[in-house]
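Order of the sequence lines fixes the chain letters, A, B, ..., with proteins taken first and strands second; residue numbering starts at 1 for each chain.
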Protein chains: 2
Amino acid sequence: MTEKSSSKAQAIVTEVRRRIADREWRQGDRIPDEAELAVEFGAARATVNKALQLLAKEGLLDRKRRAGTHVTVNPTRKATLTIPIVREQIEQAGMEYSHRVVAQKKSPIPAAIAERMELPEGQMLIHLRTVHYGDGKPFQAEDRWINPAAAPGVDGIDFHRVNANEWLVRNAPWLRAEIAFSAENANARDARLLETRQGSALLILQRTTFNDLGAITTVRVAFHPGHTMIATH
Amino acid sequence: MTEKSSSKAQAIVTEVRRRIADREWRQGDRIPDEAELAVEFGAARATVNKALQLLAKEGLLDRKRRAGTHVTVNPTRKATLTIPIVREQIEQAGMEYSHRVVAQKKSPIPAAIAERMELPEGQMLIHLRTVHYGDGKPFQAEDRWINPAAAPGVDGIDFHRVNANEWLVRNAPWLRAEIAFSAENANARDARLLETRQGSALLILQRTTFNDLGAITTVRVAFHPGHTMIATH
DNA sequence: TTAACCTCTATGTCTAAACTTATTTTGACG
DNA sequence: CGTCAAAATAAGTTTAGACATAGAGGTTAA
């Protein structure tokens, strides 16, 4: 077995991946059971189990009790997206971070937002529009609604002085999130805020977070044209 | 402890998440060590370890030997994207799948592709353009380059008859992938293939896969305007 | 003061063994 | 034959115990 990493389990992961990549074990094949692999790799069954569970979570293996472990036929591979805090993303790129709150007020939520937040239409939430800059150039525009009922303490905050993203991350951790990506042509406001021309293609990230008390916040983030999000395998 | 799931480890995960969400344990706090939690939860240390490692991978906890486990200060939460096989995605939506190969030929790769695939510029690869349809309406347009050196057997295949995506998934599993999302205004070709107007905002997915032999394939997928990709927490 | 070194501790990893549980197989019975 | 129940099997989970190792903190020597 090719030892590629420090841990035994990781070595098993690597070796099984190699066998699949090299087609020693083909799509649909049943692979030896945990006990046999444990003997072959000189490891305990628990260690083999850990390795195979990881590969199953990755989508490379299908595991079923009694039926054994099979190489996935149509592997739907998963990619992990890391959604960083804007400020950190900008500073990590070696730019100077700044932001500007364009609007902060209490408003009744429109139908689309109500649906996303699973709240009744017309409820009064905090509505916030912010632009984040790197070295003075617009990086992303945020359109955010915050539900004070699920984020205690938010009412007294002046988001002109405190970064909403960071305040929320620190003061209202979420239990569940819904995230969606899409592309939209910049509308007049997007264009103005991002200092680009109307109609240019923007990557849009839409995220709603929930805790026991319900929806905390929903945000539509419009990235500057040309922005790329990287996902890691 | 609120038992939310079958497994003990999962129950610990849920309870720790709750304590963080309810701010019993706050950002930056050091939480009790594994041995203490094991006693509190009436579990073995290995079980607590499994739970905490999961939360650390999620980004909620920071763990360091000797220093203990802390609640992450600026949690960079991760989202998992499932990139399905087109056919399955379309059929799952209850539509009838079809596809059309617009072009298949051997061409020298341009500089941008060469860089992505870590190959010398001008190398001859298979170039493929395909449109995938749901109920006859264009769903996504693929622009793909395939490296026969890393995908043995690909040379004889007629991709007018075989779906490239599915052939590759089955015959050339990858070890490493690079995935990126962005938005682009539809160019003339995109507009024609997707039957939309030039300039409309398209969600673009760019993926390159590798095995021991090098880059297998790189593909630029342009989705129909309005398409949304969902990520799960 | 600083650098080099040591010690201690909390996490990381593995093991053997047991028990649980989903699922397939088998086989008895109608 | 088909049906239902029992047996068998492979993965799922947990446990106690052991050892490895990073790294914080303290100690000593230059």
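Heavy-atom distances to DNA chain D give each of B/K50 and A/G68 a nearest nucleotide, and the one nearer the 5′ end belongs to A/G68. Ranked by how close their nearest DNA chain D nucleotide is to the 5' end, B/G42 and A/L52 are led by A/L52.
In this structure, B/D33 places its CG atom 18 Å from P of C/dC8, rounding to the nearest Å. Distance, B/L54 CG to C/dG12 C1': 16 Å, rounded to whole Å. The interatomic distance linking A/L37 (CG) with C/dT15 (P) rounds to 13 Å, in whole Å. What separates NZ of B/K64 from P of D/dA20 is a distance of 24 Å, to the nearest Å. Between the CG atom of A/L61 and the P atom of D/dA10 there is a distance of 16 Å, rounded to whole Å. We find that CD of A/Q53 is positioned 15 Å from P of C/dT13, with the value rounded to whole Å. To the nearest angstrom, P of D/dG17 lies 17 Å from CD of B/E34. If you measure from atom CZ of A/R63 to atom C1' of C/dT21, you get 14 Å, rounded to the nearest angstrom.
A donor N or O paired with an acceptor N or O is found under 3.5 Å between the base of C/dG12 and the side-chain atoms of B/R45. Interface remark: the A/R65 side chain does form a donor-acceptor pair with the C/dT21 base, using a distance-only criterion of under 3.5 Å.
The aromatic rings of A/F139 and A/F223 lie perpendicular to each other, with more than 60° between the two planes, well past the 30° mark.
Counting any heavy atom pair closer than 4.0 Å across all strands shown, B/A9 reaches sugar-phosphate atoms only and no base atom. Note on B/R66: a base of the nucleic acid sits closer than 4.0 angstrom, heavy atoms only.
For the residue pair B/H132/B/Y97, the side-chain donor-acceptor check at 3.5 Å is satisfied. B/T228 and A/S182 are not linked by any side-chain donor-acceptor pair at a separation below 3.5 angstrom, with hydrogens and angles left out of the test.
Remark: A/S6 is not in phosphate contact with C/dT13, judged by side-chain N or O atoms under 4.0 Å from OP1 or OP2. An OP1 or OP2 oxygen of D/dT15 is reached within less than 4.0 angstrom by a side-chain nitrogen or oxygen of B/K8. For A/N49, a side-chain nitrogen or oxygen approaches OP1 or OP2 of D/dG12 to under 4.0 Å. One finds no side-chain N or O of B/Q10 lying less than 4.0 angstrom from the OP1 or OP2 phosphate oxygen of D/dG12.
With a 6.0 Å cutoff to the six-membered ring centre and a 45° limit on the axis angle, B/R207 does not count as a cation-pi contact of B/W174.
Nearest approach of A/A231 to B/F181, heavy atoms of both residues: CB-CE1, 4.5 Å.
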